[in-house]
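Lettering of chains follows the sequences in order, A, B, ..., and the numbering in each one begins at 1.
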Protein chains: 2
Amino acid sequence: MKPRSPQANGQHLTEQLGATGLRLTPQRQQVYDVLVQKRDHPTAEEVFIRAKKAMPEISHATVYNCLDALVKSGLARQVNVERGATRFCPNMIEHGHFHCSACGTIYDVDLPHELPCVAVPQGFKPQGYDLTIHGICLDCAKKK
Amino acid sequence: MKPRSPQANGQHLTEQLGATGLRLTPQRQQVYDVLVQKRDHPTAEEVFIRAKKAMPEISHATVYNCLDALVKSGLARQVNVERGATRFCPNMIEHGHFHCSACGTIYDVDLPHELPCVAVPQGFKPQGYDLTIHGICLDCAKKK
DNA sequence: CAAACAATTTAGAATTATTCTAAATCTTGA
DNA sequence: TCAAGATTTAGAATAATTCTAAATTGTTTG
């Protein structure tokens with residue numbers, strides 16, 4: 001059991017969504033469950049395919065809608081590391097990403113305790129940041 | 001005259017491309033010029049439109065090819081801050097990006113002198129990183 | 001409870017972003 | 001000059017995302 005996992009229970013989802021003026025629906029619960037069950041940074045298309053197994057009637061547009069709802073409510077993050085489909089991540093604990101340029105896998109990585117306090121220009125209001133490290137992962141480094 | 005701008009002269013481009021086994025062609029020069037002339041992080045589509053003004057016969061596929069060639073040769077960076085088209089940046093001096101979530105503008109920002117030395121897992125080979133700060137830019141903060 | 005209203009979902013069309021294909025063109029070296 | 005390889009081109013194909021209008025669901029109010 002992963003102690004760091006946010007609870008996938010309705011309580012938490014309802015609260016977070018509600019604070020953004022959104023409702024918890026069976027589809028949103030399902031999409032969230034998909035994200036939590038396999039944390040491999042799936043694309044919207046992959047989430048769609050997985051969600052359909054438990055909920056065959058779910059549509060493409062709904063998956064996008066649900067993912068957007070989760071992101072807006074602070075229940076998931078969008079991850080953009082390269083050209084192509086955006087990926088999604090339900091880990092809301094502060095972390096960065098390692099993107100393997102050989103196999104494309106994305107790994108969560110801890111951020112340094114000393115957060116990089118980047119000086120943004122005067123008057124700019126920073127609200128969050130994304131750090132992505134590009135390189136070769138262990139598996140690919142071995143294979144070479 | 002921007003002292004920080006890399007020279008857009010053929011010499012430099014030829015060397016950098018050559019080191020990657022690629023040639024400097026008029027199209028690649030043109031695409032590079034477009035990036036340097038207006039550093040507003042254009043999408044491939046925007047680069048295409050701008051390049052066509054000086055080189056009307058240039059094609060879509062060529063712009064993608066040229067951008068990829070420049071990125072591979074270390075003459076430009078890809079910038080992925082959100083869903084949608086990838087953007088391009090010819091500033092190869094180490095820097096991060098500020099993405100205004102209100103107007104979508106992307107600003108280059110200096111990185112802290114103390115680089116965040118993130119601990120990647122054992123055996124992983126980091127090769128570079130991207131830092132994006134999301135928030136509200138000065139102009140949008142004023143308008144509100 | 002029933003009507004009215006708002007939010008959400010759905011299928012599928014539409015749009016946008018990117019890649020692919022095959023033929024034509026250009027460059028380079030024998 | 002010729003062959004081989006790299007590059008460009010137009011346009012088709014594919015992938016990713018958004019939009020639309022109708023149906024459904026949930027909520028609120030009379």
**Request:** Give the ring-plane orientation class for A/Y64 versus A/H60, where under 30° counts as parallel, over 60° as perpendicular and anything between as tilted.
**Result:** tilted
**Request:** Look at A/T86 and D/dT17 and indicate whether a side-chain polar atom (N or O) is within less than 4.0 Å of OP1 or OP2.
**Result:** yes
**Message:** Taking only side-chain N and O atoms of A/R23, does any of them lie within less than 4.0 angstrom of OP1 or OP2 on C/dT8?
**Reply:** no
**Asked** Under a 4.0 Å heavy-atom cut-off, which of residues 41-57 of chain B touch DNA chain D?
**Response** B/E57
Extract from the structure each pairing of a protein N or O with an N or O of nucleotides 21-24 of chain C at less than 3.5 Å, listing the distance.
none

**Message:** Counting only side-chain nitrogens and oxygens, does A/Y64 get under 4.0 Å of the OP1 or OP2 atom of D/dT18?
**Reply:** no
**Prompt:** For the pair made of CG in B/L70 and C1' in D/dT7, what is the distance, rounded to whole Å?
**Reply:** 14 Å
**Request:** Would you indicate whether the side-chain heavy atoms of B/P121 and A/Y107 approach each other to under 4.5 Å?
**Result:** no
**Asked** Counting only side-chain N and O atoms of A/Q27, is one of them less than 4.0 Å from OP1 or OP2 of D/dT25?
**Response** no
**Prompt:** Quick one: which of B/N91, B/V47, B/L75 gives a side-chain contact (heavy atoms from CB on, under 4.5 Å) with B/L35?
**Reply:** B/V47
**Asked** Hey, are the side chains of A/Q122 and B/L138 touching, using non-hydrogen atoms and a 4.5 Å cut-off?
**Response** no
**Complete:** Here the distance between atom P of C/dT25 and atom CG of B/N65, to the nearest Å, is 18 Å
**Request:** Considering just the side-chain nitrogens and oxygens of B/T25, establish if one lies under 4.0 Å of OP1 or OP2 belonging to D/dT8.
**Result:** yes
Side-chain donor-acceptor distances from residues 18-25 of chain A under 3.5 Å, at least two apart:
| from | atom 1 | to | atom 2 | distance (Å) |
| --- | --- | --- | --- | --- |
| A/T20 | OG1 | A/Q16 | O | 3.2 |
| A/T20 | OG1 | A/S73 | OG | 3.4 |
| A/T25 | OG1 | A/R28 | N | 3.1 |

**Request:** Answer yes when B/R39 and B/D108 have at least one side-chain N-carboxylate O distance shorter than 4.0 Å, and no when they do not.
**Result:** no
**Message:** Strictly below 4.0 Å: does B/R83 bring a side-chain N or O up to OP1 or OP2 of D/dT18?
**Reply:** yes
**Asked** Could you give the distance from CZ (A/F88) to CG (A/D68), rounded to the nearest 0.5 Å?
**Response** 6.5 Å
**Prompt:** Of the nucleotides C/dT27, C/dT9, C/dA7, which one has an atom closest to the side chain of A/T62?
**Reply:** C/dT9
**Message:** side-chain contact (heavy atoms from CB on, under 4.5 Å) for B/H41 and B/H97? Distances and angles first, verdict last.
**Reply:** CA-CA 10 Å; B/H41 305 89; B/H97 292 110; 3.4 Å; yes
**Asked** For the atom pair NE2 (B/H134) and CD (B/E82), what is the distance rounded to the nearest 0.5 Å?
**Response** 8.5 Å
**Item:** Rounded interatomic separation in angstrom, taking CZ from A/R28 and C1' from C/dT8
**Value:** 7 Å
**Message:** Quick check for you: among C/dT27, C/dA17, D/dT8, whose closest atom lies nearest to any side-chain atom of B/A85?
**Reply:** C/dA17
**Asked** When you measure from the side chain of A/C66, which nucleotide among C/dT10, D/dT8, C/dT9 comes out closest?
**Response** C/dT9
**Request:** By nearest nucleotide on DNA chain D, pick out whichever of A/D68 and B/H60 is the more 5' one.
**Result:** B/H60
